[in-house]
2 protein chains.
Amino acid sequence: MSSDFTAGERPESDLTARARVRDAALTQFAEHGFKGATMRGIAEAAGVSLGLVQHHFGSKDALREACDAFVVEAFRHRLTRSAADGTLGEPGFMADLYETSGPLLRYLARALVDDSPAAATVFDQLAAGAEAFLSETWPDRFPAGSTAAREAAAVMAAMHSGTVVLHGHLARRFEFDPLDRANTTRIGKAMLDLYAAMGEFATSSTAERIRESANAYDDPNGEPR
Amino acid sequence: MSSDFTAGERPESDLTARARVRDAALTQFAEHGFKGATMRGIAEAAGVSLGLVQHHFGSKDALREACDAFVVEAFRHRLTRSAADGTLGEPGFMADLYETSGPLLRYLARALVDDSPAAATVFDQLAAGAEAFLSETWPDRFPAGSTAAREAAAVMAAMHSGTVVLHGHLARRFEFDPLDRANTTRIGKAMLDLYAAMGEFATSSTAERIRESANAYDDPNGEPR
DNA sequence: TTGTGAACAATACAATTGTATTGTCGTTGG
DNA sequence: CCAACGACAATACAATTGTATTGTTCACAA
C-alpha cells in the first residue's frame, strides 16, 4: 500500500521494513522464480533478519500471496487508467509499462509462466482491456461480446505480453541494455512497423489460403454448418 | 537422438532408459522449472532409480544441458524445414508447433524465461527466420541486414513466442483444453484477424502521432542528426 | 511504574535434495 | 572360464531450506 515501487526512484530506506521485505521478495521471486528464491536470500536483500520475514508474512507461500496481491493491485490501477484514455491498445503501452515499473513486470513475467492465480487475473484484465479496445475501434469486425473479439483480444494480450516476458531476449537482439530506459520506445515503433506489414499479409491471398486450410482442419468434411 | 518425442504418440517403453530419463526430465523441468524439478521426481517419472539418472547424466546441471542440446537440435530441424518452404512467417506456425511437440515447447517456454543459453539459441534462430521472411516479403520496407528488419523480426519472434509461452492463459480465455488438438488453429486464425485490424491501426493517423511522440522521446531536442 | 505487545533477531530442527559410495547382475571380449 | 565393464539399484551423507521456538528491545497504555 505504501510503497513507491512503481514510481521511478525509491529511497530504499524510508520504507517500512515490511514494505522493504515485500519489495525484496518481488525482485528475488522475479529473478530466481518462486522455488529458486529463498527466505534467507530475501531477508538479506531486504537488509533484515530471517526471523523478521516470518514475523511479517508467516510463511513463504503467504509472502508470495502478498506479492501477488500487491502486483494485481498495482496493475489494476495502471490498466484502468490506460483503459480510460484509450492508450491500452497502442503498441507502446507494454514498453512504457516496462520502463516505469520494471521489477513489477519481471515479477509478473515469472508469475505468468508459473501460472499463479495472480498472473491469471492480470492477464484477464489485459485481455478484457484489449477486447474493449478492439470492439470500440472496429465494432463491425469485433462486435462487443462476440467470440471473434474475445479470441482476438486474448491473442493480442498474449503477443503483447510476449514482448514483456521475453524482454531480455528482445533486448539482446536489439543490442541494448535491458535496464536502459529510452530504448523501449523502439520496441513500440518496431511493433507498429510489423503490424503495418503483417496487416497486408493477413489480407493477402496467401493468408486467405491459410484460413481455408485451417477451416478444412476444423471441419474435415467441409460441410456448411 | 533416437527419441520420437517430437512425433505424436510415443511407445514409452521401447525407448532406451537414457532416452526415457531425458524425456522425463524435459517434462519435469517444463512443469516445475529447473529448481522446482527434483532428481528423484525425474527418476520416478522415468520409472528408473535415482542412481541411474546420475549414472547416465552425472549431475542435474549436466542433465539440463542434455535437455537443452536435445531441444535446440529438435527445433533447428523444425525451423530449417519451415524456413525452406516459407511457412515460418505464417501465424499458424507456432500453433502448429505446439500441436506436434507440446512437451518440447513447454520446456522451451520455461527455458526462455530462465534465460538458459539454449533458449537464447532457439530464439535467435526464430528471429533470424522471421527476419528472412520479412526481408523476402517486403524488400523495400525491411531491407536485408537493415536494423529495421532486425528489430521488427525480433519483435515478431517475441510476440509469436508469446502465444506459446502463455499458451495456458490463451487456452483459458479460449475456453478449450490446452492439450486438445484441432483447436490450436483457432489461435492462428485469431492472429490473422488481429493482424488485419492492427495493420490498419498502424497506418492510421493515431499511430503516426504515436510514432512522432516516440521520436520526441528518443530525441528531446527535436534536432535533425 | 509496570506490563503488554509488537518489531526484530538468533538459533534449533526436521525435511528435502544433490551427490558420492558401494554393490549386484548380465554381457562381452580374451 | 573369467575378468572387465556398463546398466542399474540402494544407501549414506552433507548442504540447503522452510519453519518453529525462544529471547531481546522498545514504545505505549493503565
Side-chain angles (χ1 to χ4, degrees), chain A residues 1-3 11-70 107 110-111 114 116-118, chain B residues 1-3 11-70 107 110-111 114 116-118:
Chain A
M1 289 284 190
S2 60
S3 163
E12 173 79 27
S13 55
D14 67 342
L15 291 174
T16 133
R18 182 187 158 93
R20 251 186 310 145
V21 170
R22 175 175 36 67
D23 287 358
L26 280 170
T27 303
Q28 295 284 307
F29 284 152
E31 196 161 347
H32 307 109
F34 178 69
K35 274 286 199 179
T38 73
M39 292 276 128
R40 287 168 177 82
I42 292 170
E44 190 180 8
V48 301
S49 74
L50 169 62
L52 193 61
V53 179
Q54 306 181 77
H55 175 68
H56 280 300
F57 295 94
S59 72
K60 192 182 182 183
D61 277 287
L63 178 53
R64 193 239 288 263
E65 285 170 22
C67 289
D68 279 3
F70 180 77
Y107 177 87
R110 278 283 180 179
D114 292 351
S116 83
Chain B
M1 286 283 190
S2 60
S3 164
E12 173 80 26
S13 56
D14 66 343
L15 291 174
T16 146
R18 183 187 157 93
R20 249 185 312 145
V21 169
R22 175 176 36 65
D23 287 358
L26 280 171
T27 303
Q28 294 286 306
F29 284 151
E31 197 161 346
H32 307 110
F34 178 69
K35 274 276 183 185
T38 73
M39 291 277 126
R40 287 168 177 83
I42 292 169
E44 189 180 8
V48 300
S49 75
L50 169 62
L52 193 62
V53 178
Q54 304 181 77
H55 174 68
H56 279 301
F57 295 95
S59 72
K60 191 182 183 182
D61 277 287
L63 179 54
R64 194 241 288 262
E65 287 170 21
C67 289
D68 279 3
F70 180 78
Y107 177 86
R110 277 284 181 179
D114 292 353
S116 84

Euclidean distance, atom CZ of residue Arg20(A) to atom P of dA7(C) [Å, nearest integer]: 14 Å
Under 4.0 angstrom between His56(B) side-chain N/O and dG6(D) OP1 or OP2: no
Candidates dA9(D), dT19(C), dC8(C) - which lies nearest the side chain of Gln54(B): dT19(C)
Spacing of His32(B) atom NE2 relative to dT17(C) atom C1', expressed in whole Å: 15 Å
For atom CG of Leu52(A) and atom C1' of dG23(D), their distance in whole Å: 15 Å
Sugar-phosphate, base or nothing in reach of Ala37(A), heavy atoms under 4.0 Å: sugar-phosphate
Between dA10(D) (P) and Arg40(B) (CZ): distance, integer Å: 13 Å
d(CD, Glu44(A); C1', dA10(C)) in whole Å: 16 Å
Nucleotide of dT19(C), dG18(D), dA7(D) approaching Thr38(A) most closely (side-chain heavy atoms): dG18(D)
Nearest-0.5 Å distance, CZ of residue Arg64(B) to OH of residue Tyr107(B): 6.5 Å
Closest to side chain of His55(A), choosing from dA9(C), dA7(C), dT19(C): dA7(C)
Nucleotide nearest Ser49(B) (side chain, heavy atoms from C-beta), chosen from dA9(D), dG18(D), dA9(C): dA9(D)
Whole-Å distance separating the CG atom of Leu63(B) from the P atom of dT19(C): 10 Å
Interatomic distance where CG belongs to Leu50(B) and P belongs to dT11(D) [whole Å]: 12 Å
Rounded distance (Å) that lies between atom P of dT19(D) and atom CD1 of Ile42(A): 11 Å
